[in-house]
Amino acid sequence: MSLQVDLNAPNRAHTTPLMSLNNLILRFKGQTNDVIDGVNLTVKSGEVLCVVGESGCGKSVSAMALMGLLPIDSTHISSGKLDICGNHIDLSQTCLPSEMRGNSVAMIFQEPMTSLNPAFTIGNQIEEAIRRHITDTQTNVRTRALDMLQRVGIANPEQRLHEYPHQLSGGMRQRVMIAMALANDPKVLIADEPTTALDVTIQAQILDLIRDLRDETGMGTIMITHDLGVVAEIADTVAVMYGGQVVEQGAVTEVFNDPQHPYTIGLMSAMPQLDSPGTRLTLVPGTVPTVANMPSGCRFRTRCAFAAKTCEMRPPLAAITQSHGVACHYAPLEANLSVSS
Amino acid sequence: MKADIILEAVNVTKHFSGANSWFSQEPTVQAVDNVSLRVRRGETFAIVGESGCGKSTLARVLMRLLSPTSGNVLFDKRDVSAASGSALQALRRKMQFIFQDPFSSLNPRMSVGKLVGEPLEVHAPELSAQQRRDRVADLLHKVGLRAEYAGRYPHEFSGGQRQRIGIARALASGPKLIIGDEPVSALDVSVQAQVINLLGDLSRDMGLTLVIIAHDLGVIRHMSDRVAVMYLGRIVESGPTEEVYTNPRHPYTRALLASIPAMGSKSDGKTPTVLGEMPSPTAPPPGCRFHTRCPHVQAKCKTDTPNLHSANINDHQVACHFWEAFPDPPPLTPSPPKTKAVEARFALYRAAVEGGTVTYKNHQPTERP
């Protein structure tokens with residue numbers, strides 16, 4: 001399994017969490033089931049947390065709820081405590097105050113074409129983001145915007161400031177998005193599939209950039225992705241989500257070198273590997289149920305090959321080691337069950 | 001031994017001329033430039049490259065959905081680049097296409113039975129309605145769907161199931177060759193694996209030849225026998241998949257393989273990947289088209305176009321003036337060995353998914369606090 005990562009990588013675990021989200025429970029009005037069912041996420045300074053899962057697992061919705069970007073009239077958050085940079089916010093009562101949004105916490109989105117306004121120049125849009133949070137002279141704001149474009153590695157920044165999004169390539173647009181997000185020195189950056197729409201060579205460049213900026217600024221990063229390769233490349237900690245629940249969470253070295261949850265094992269077996277071609281892929285049977293059809297208890301049990309009566313009870317996220325938790329009644333599998341063909 | 005060639009492209013070029021208006025003439029897009037390739041009967045042939053490299057255009061030219069600007073496409077040794085009318089219809093029966101997006105490629109107003117039966121109406125008009133229904137049920141069964149689904153509509157299915165419907169539709173006319181344009185890239189990992197296995201089973205059981213267009217190098221390594229790497233409208237390297245992956249010779253192929261996120265070990269962020277971005281196909285650079293991004297560029301690359309020529313082993317071709325000057329590529333980082341426990345866990349998972357009986361040992365699960 002080539003997803004394993006180098007155990008000698010420097011450990012960036014610092015002491016106090018920069019941001020923590022506790023027990024987020026969320027449903028969309030008119031639905032009978034929670035879309036997000038008790039998600040806890042923690043990110044420390046200088047650390048990259050990757051939230052990984054398939055479409056519909058709630059990874060983007062969690063991030064949107066955290067940022068306060070979900071429409072209030074169609075969302076019902078019944079629980080969720082957000083501790084961020086010393087502020088305590090009860091998400092069930094209020095959402096992230098707008099002076100913190102884009103300032104303490106910034107977000108970049110998957111599709112750089114649709115998240116930039118085609119009618120304004122790049123410079124204009126970056127300056128708008130800056131001016132939302134600080135009052136300064138036009139010259140200073142422009143200098144700041146220019147500085148940001150330089151930092152994200154855009155050639156000819158003076159010229160680019162006056163260009164429109166359609167004049168830039170996909171990779172450049174994503175760099176502009178990152179420049180805009182970082183313009184106010186956020187403590188936490190949320191990146192929702194930032195490289196999914198890009199080619200591999202450009203993806204490698206953007207991941208390098210995020211890594212450099214993280215080292216430079218010490219910001220905490222929450223990266224949402226479906227690509228286990230990207231997780232292995234950039235993450236310090238990882239949370240595997242399925243059906244709105246975190247099924248496995250911990251240091252990336254431990255989760256990838258010692259996967260415990262049947263879903264994590266299934267995802268890793270289903271990935272075509274570069275070093276073992278031609279073998280038949282073992283897969284995760286079935287598809288993700290819709291929110292209305294989500295089973296009670298362990299939500300993965302309808303697709304799990306090991307599911308038993310016990311799984312109708314929800315397994316707690318139990319610690320395997322100090323920095324690795326798994327939500328499965330039968331973990332570790334090899335100690336608790338056997339399979340005969 | 002002479003290989004049995006089912007599909008051959010000879011110096012295929014496809015240019016799209018830009019829109020003409022009274023005031024301006026938009027530049028011509030040189031999507032595919034002088035590409036030659038041979039697909040052998042029964043093999044899985046992959047074309048890989050980044051967006052804008054012309055791989056989808058090439059697939060459409062091979063399929064005769066587009067006609068080439070110059071050059072020829074030979075199917076079963078017959079030139080089809082100018083086929084039309086009944087000759088084209090006969091060709092369509094033997095060659096089918098699977099599209100990338102299972103959400104937009106199926107007509108939402110047609111039931112699955114109608115969707116899969118439609119190619120039969122065209123290509124097998126002699127069948128009665130009942131025979132056609134039986135064939136549809138048979139095809140649905142082949143791709144792992146239940147025959148009862150024939151009465152349902154596409155919106156009732158998930159992405160993976162829709163892609164199965166697309167495959168059933170492609171199989172309906174009994175083709176010899178299927179071209180898939182990114183057939184699995186819109187799907188999630190777990191569903192993607194199901195479709196990859198299905199395509200593998202079908203090509204083996206029915207003796208199909210597959211041409212797969214993709215950008216995911218892992219998927220290609222897994223599925224294909226031979227691979228061609230495209231860059232800006234040209235093939236830069238081609239050969240047996242195993243050889244190209246373990247012994248890449250073109251700097252672009254090497255960069256592409258090095259860019260795959262950390263298959264193996266965490267990179268230090270210092271790995272030299274390619275510089276910058278792909279130039280526009282409306283104004284490709286002269287000489288070697290990769291020279292603007294190549295770390296090994298020399299004066300000759302900027303003026304002389306390199307042709308594909310054989311590298312060290314048979315059938316491995318590379319289009320680079322200086323490939324012999326590069327040192328051998330480092331071996332792919334072997335995966336660190338799995339511990340016994342993890343090995344056992346993966347084996348348990350495989351056995352259980354394949355239908356083994358699970359026996360639980362003494363275990364008292366805890367209720368959620």
Engineer: Name the option with the most non-hydrogen atom pairs under 4.5 Å to chain B; the candidates are Val284(A), Thr290(A), Val288(A).
Structural biologist: Val284(A)

Engineer: Using the side chain to side chain contact (heavy atoms under 4.5 Å, CB included) criterion, which residues pair with Ser104(B)? Sequence neighbours excluded.
Structural biologist: Asp101(B)

Engineer: Quick one: does Glu156(B)'s side chain have a donor or acceptor within less than 3.5 Å of a partner on Tyr153(B)'s backbone?
Structural biologist: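 Judged by distance alone, yes, a pair lies under 3.5 Å.
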
Engineer: Which bit of Gln203(A) comes within less than 4.5 Å of chain B, counting heavy atoms only: side chain, backbone, both or neither?
Structural biologist: side chain

Engineer: Can you say whether Ile196(B) sits under 4.5 Å from chain A via the side chain, the backbone, both, or neither, judging by heavy atoms?
Structural biologist: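 Looking at Ile196(B), just its side chain touches chain A.
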
Engineer: Among the options Leu198(A), Thr195(A), Val200(A), pick out the one with the most heavy-atom pairs lying under 4.5 Å from chain B.
Structural biologist: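 It is Val200(A).
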
Engineer: For each of Val219(B), Asp225(B), Asn197(B), Val191(B), tally heavy-atom pairs with chain A at distances under 4.5 Å, and name the one with the top tally.
Structural biologist: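 Going by pairs under 4.5 Å, I would pick Asn197(B).
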
Engineer: Would you mind checking which part of Ala327(A) comes under 4.5 Å of any heavy atom in chain B, side chain (CB onward), backbone (N, CA, C, O), both or neither?
Structural biologist: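 Neither; nothing under 4.5 Å.
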
Engineer: Quick check on Thr357(B) against chain A: is it the side chain, the backbone, both or neither that has a heavy atom closer than 4.5 Å?
Structural biologist: both

Engineer: Does Glu50(B) pair with Arg293(B) as a salt bridge, N-O distance under 4.0 Å?
Structural biologist: yes

Engineer: At a heavy-atom separation under 4.5 Å, does Gln192(B) approach chain A through its side chain, its backbone, both, or neither?
Structural biologist: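 Just its side chain gets close to chain A.
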
Engineer: Considering non-hydrogen atoms only, spot the tightest contact between Val358(B) and Ala352(B) and give its length.
Structural biologist: CG2-CB, 4.4 Å

Engineer: With sequence neighbours excluded, what pairs up with Glu163(A) under the side chain to side chain contact (heavy atoms under 4.5 Å, CB included) test?
Structural biologist: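 For Glu163(A), the residues satisfying side chain to side chain contact (heavy atoms under 4.5 Å, CB included) (neighbours in sequence not counted) are Gln159(A), Arg160(A), Gln167(A), Leu168(A).
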
Engineer: Which bit of Ser340(A) is near chain B, if near means a heavy-atom gap under 4.5 Å: side chain, backbone, both or neither?
Structural biologist: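 Contact with chain B involves both backbone and side-chain atoms of Ser340(A).
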
Engineer: I need the residue from Thr241(B), Asp216(B), Val353(B) with the largest number of non-hydrogen atom pairs under 4.5 Å to chain A.
Structural biologist: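 So the answer, after comparing Thr241(B), Asp216(B), Val353(B), is Val353(B).
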
Engineer: Is Ala155(A) in contact with chain B via its backbone, its side chain, both, or neither, using a 4.5 Å heavy-atom distance?
Structural biologist: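 Ala155(A) has no heavy atom closer than 4.5 Å to chain B.
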
Engineer: For the residue pair Asp236(A) and Gly46(A), what are the closest heavy atoms and their distance?
Structural biologist: OD2-O, 3.9 Å

Engineer: Suppose we screen for salt bridge (charged side-chain N to carboxylate O under 4.0 Å, His left out). Which residues come up paired with Glu26(B), at least two apart in sequence or across chains?
Structural biologist: none

Engineer: In terms of the angle between their ring planes, are Tyr263(A) and His261(A) parallel, tilted or perpendicular, with boundaries placed at 30° and 60°?
Structural biologist: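 The rings of Tyr263(A) and His261(A) stand perpendicular, inter-plane angle above 60°.
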
Engineer: Verify the distance criterion only: is there a donor paired with an acceptor across the side chains of His324(A) and Glu248(A) at less than 3.5 Å?
Structural biologist: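 Yes.
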
Engineer: Please list, in residue-number order, every residue in residues 298-306 of chain A that has a heavy atom less than 4.5 Å from any heavy atom of chain B; write 'none' if there are none.
Structural biologist: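 Arg303(A), Ala305(A), Phe306(A) fall under the 4.5 Å cut-off.
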
Engineer: Is a side-chain donor-acceptor pair under 3.5 Å present for Tyr330(A) with Thr310(A)?
Structural biologist: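 Short answer, yes.
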
Engineer: Among Gly266(A), Pro332(A), Gly297(A), Gly171(A), who wins on heavy-atom pairs under 4.5 Å with chain B?
Structural biologist: Gly266(A)

Engineer: Between Arg214(A) and Thr221(A), do the side chains contain an N or O donor and an N or O acceptor separated by less than 3.5 Å?
Structural biologist: no

Engineer: Just so I understand: if I count every heavy-atom pair under 4.5 Å between each of Asp258(A), Leu267(A), Asp227(A) and chain B, which residue has the most?
Structural biologist: Asp258(A)

Engineer: Hey, what's the ring geometry for Phe290(B) with Tyr231(B), parallel, tilted or perpendicular (30° and 60° as the breaks)?
Structural biologist: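 The arrangement is perpendicular - the two ring planes meet at more than 60°.
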
Engineer: Can you find a side-chain donor-acceptor pair between Gln245(A) and Asp37(A) that sits under 3.5 Å?
Structural biologist: yes

Engineer: Whether Lys59(A) and Glu54(A) form a salt bridge (side-chain N of Lys/Arg under 4.0 Å from carboxylate O of Asp/Glu) is what I want to check.
Structural biologist: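 Here Glu54(A) does not pair with Lys59(A) in a salt bridge, since their nearest N and O are not under 4.0 Å apart.
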
Engineer: Based on non-hydrogen pairs under 4.5 Å, which of Pro285(A), Ala318(A), Ala335(A), Pro259(A) is most in contact with chain B?
Structural biologist: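 Ranked by contacts with chain B, first place is Pro259(A).
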
Engineer: For the candidates Ala341(B), Gly355(B), Ala344(B), Ser158(B), which exhibits the highest count of non-hydrogen atom pairs separated by less than 4.5 Å from chain A?
Structural biologist: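 Between Ala341(B), Gly355(B), Ala344(B), Ser158(B), the count favours Ala341(B).
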
Engineer: Where does Asp201(B) contact chain A at under 4.5 Å (heavy atoms): side chain, backbone, both or neither?
Structural biologist: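 Only the side chain of Asp201(B) comes within 4.5 Å of chain A.
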
